[in-house]
Visitor: 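Shown below is the structure under consideration.
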Amino acid sequence: MVLERDFYLLPAQAVARGLLGKKLIRQINNQTICGYILETEAYDGERDEACHARNGKTERNKVMYGPGGYAYIYFTYGMHWMLNCVAGESGYPAAVLIRSIKPVMGLDYIRERRHPIPQEHWTNGPAKLTKALDITGELNGVDLCSKSGGLFIEEGVTITDGQVHTTARIGIQYAPEPWKSKKWRFVTEIMSGVEG
DNA sequence: TCTTCGATTGTCT
DNA sequence: GACAATCGAAGAA
């Protein structure tokens with residue numbers, strides 16, 4: 001079942017927690033690639049000094065200002081694409097960065113794109129998973145609640161609170177406190193025991 | 001195993 | 001003109 005819009009209209013932290021264990025699905029060229037979401041980060045509003053919306057609305061971040069459930073995909077470090085899903089109501093800029101997934105379908109497709117890198121390193125980073133699933137700026141703004149965009153999220157496995165670990169966000173050393181230390185990174189350790 | 005550092009370009013000041 | 005929500009190779013230990 002594809003996750004419905006309501007799921008994404010909650011605050012970014014709730015969406016980030018809720019996405020753990022859900023299935024990220026990419027359909028391209030009649031192939032389906034999918035994996036369980038293992039790691040996310042919440043970016044919450046213009047007041048969050050680590051959020052791209054901290055300086056207001058721009059051409060780059062405008063998708064974040066729309067309603068939740070759409071893909072916000074941006075380019076950084078001159079070579080990497082990042083996948084986020086927009087959270088919250090329309091008008092409030094918030095998003096959840098997908099940092100890591102466990103691939104369970106379309107392994108041949110990923111292997112082709114990521115060789116000779118070992119399997120455990122295929123999708124364990126935000127730029128790695130976009131490369132593995134062929135996610136680029138062309139998908140910026142697609143509706144994650146619709147299968148027609150080629151990128152969407154479905155119900156997956158249940159993750160209990162005991163399986164969730166929270167830490168400070170990664171790669172935002174430029175941000176001042178308290179934002180730098182907010183524990184808005186959500187990680188789960190279900191690498192084994194999950195079958196597609 | 002750990003740390004350092006180069007790659008490479010869109011976006012904003 | 002500065003720098004970024006990163007990766008992975010190379011070198012040190």
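Here the structure is a predicted model, which means the values were calculated and not measured. The figures here come from the full heavy-atom set of this structure, side chains too, leaving out hydrogens, waters and symmetry mates. Numbers restart at 1 for each chain; the letters A, B, ... are given by sequence-line order, proteins then strands.
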Visitor: Show me the dot-bracket string of DNA chain B, counting Watson-Crick or G-U pairs under 3.5 Å, with | for pairs to another strand and [ ] for crossing ones.
Guide: |||||||.||||.
Visitor: What's A:A127 touching, base or sugar-phosphate or nothing? Going by heavy atoms closer than 4.0 Å.
Guide: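 Sugar-phosphate only.
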Visitor: If you take any heavy atom closer than 4.0 Å to DNA chain B, which residues from residues 165-178 of chain A end up in contact?
Guide: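 Of all residues in residues 165-178 of chain A, none places a heavy atom under 4.0 Å from DNA chain B.
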Visitor: Over all heavy atoms of both residues, which pair between A:Y43 and A:L97 is shortest? Give the atoms and the distance, please.
Guide: CE1-CB, 4.1 Å
Visitor: B:dT8 and C:dA10: how far apart are their P atoms, nearest whole angstrom?
Guide: 14 Å
Visitor: With DNA chain C as reference, determine whether A:R114 or A:A95 sits nearer its 5' end, using the nearest nucleotide of each.
Guide: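 The residue whose closest nucleotide sits nearer the 5' end is A:A95.
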Visitor: How would you list all residue pairs meeting side chain to side chain donor-acceptor pair (under 3.5 Å) that involve residues 74-96 of chain A, not counting sequence neighbours?
Guide: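 Matches after skipping sequence neighbours: A:D44-A:Y92.
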Visitor: Please, which pairs that meet salt bridge (charged side-chain N to carboxylate O under 4.0 Å, His left out) have at least one residue in residues 105-116 of chain A, sequence neighbours excluded?
Guide: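 Matches after skipping sequence neighbours: A:D108-A:R111, A:R113-A:D134.
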Visitor: On DNA chain C, which is the earliest and which the latest nucleotide, 5' to 3', with an atom closer than 4.0 Å to a heavy atom of chain A?
Guide: C:dA4 to C:dG8
Visitor: Test: side chain to side chain donor-acceptor pair (under 3.5 Å). Region: residues 48-64 of chain A. Which pairs qualify, not counting sequence neighbours?
Guide: A:D48-A:R169, A:H52-A:Y72, A:T58-A:N61, A:E59-A:K62
Visitor: Using the P atom on both, measure B:dC5 against C:dA13 and round to a whole Å.
Guide: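 It works out to 13 Å between them.
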Visitor: Would you classify A:H52 as touching base, sugar-phosphate or nothing, given that sugar-phosphate means primed atoms plus P, OP1 and OP2, and contacts are heavy atoms under 4.0 Å?
Guide: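 Since a base atom lies under 4.0 Å of A:H52, the category is base.
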Visitor: Looking at residues at least two apart in the chain, or sitting in another chain, which of them share a side chain to side chain contact (heavy atoms under 4.5 Å, CB included) with A:C34?
Guide: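 Partners of A:C34 under the side chain to side chain contact (heavy atoms under 4.5 Å, CB included) test: A:K23, A:I25, A:V104, A:M105.
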Visitor: What string of B, S and - do you get for nucleotides 8-13 of chain B, 5' to 3', if B is base contact, S is sugar-phosphate-only contact and - is no contact with any protein heavy atom under 4.0 Å?
Guide: BBSSSS
Visitor: Quick one: list whatever passes ring pair (Phe, Tyr, Trp, His ring centres under 6.0 Å) with A:Y65, sequence neighbours left out.
Guide: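 For A:Y65, no residue satisfies ring pair (Phe, Tyr, Trp, His ring centres under 6.0 Å) once neighbours in sequence are set aside.
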Visitor: Give me the distance, rounded to whole Å, that separates B:dT13 from C:dA5 when you measure between the P atoms they each carry.
Guide: 13 Å
Visitor: Hydrophobic clusters here meaning ILVMFWY residues chained together by side-chain heavy-atom distances under 4.5 Å, can you tell me if A:I33 and A:L144 are in one?
Guide: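 The answer is yes; both residues are in one hydrophobic cluster.
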Visitor: Taking side chain to side chain donor-acceptor pair (under 3.5 Å) as the cut-off, I'd like each qualifying pair that reaches into residues 24-33 of chain A, sequence neighbours left out, listed once.
Guide: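 Those involving residues 24-33 of chain A are A:Q27-A:T32.
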Visitor: Under a 4.5 Å cut-off applied to non-hydrogen side-chain atoms, are A:Y8 and A:I153 in contact?
Guide: yes
Visitor: Applying side chain to side chain contact (heavy atoms under 4.5 Å, CB included), name anything that partners A:K147, two or more places apart in sequence or on another chain.
Guide: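 With neighbours one apart ignored, the set is A:V2, A:F152, A:E154.
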Visitor: Counting only heavy atoms not in A:K128 (residues, nucleotides, ligands), do more than 12 fall under 6.0 Å from its NZ?
Guide: yes
Visitor: Could you report the tightest heavy-atom contact between A:M82 and A:P126, atom names first, then the distance?
Guide: SD-CB, 3.5 Å
Visitor: With sequence neighbours left out, what residues match A:W179 under ring pair (Phe, Tyr, Trp, His ring centres under 6.0 Å)?
Guide: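 Residues passing ring pair (Phe, Tyr, Trp, His ring centres under 6.0 Å) with A:W179: none at all.
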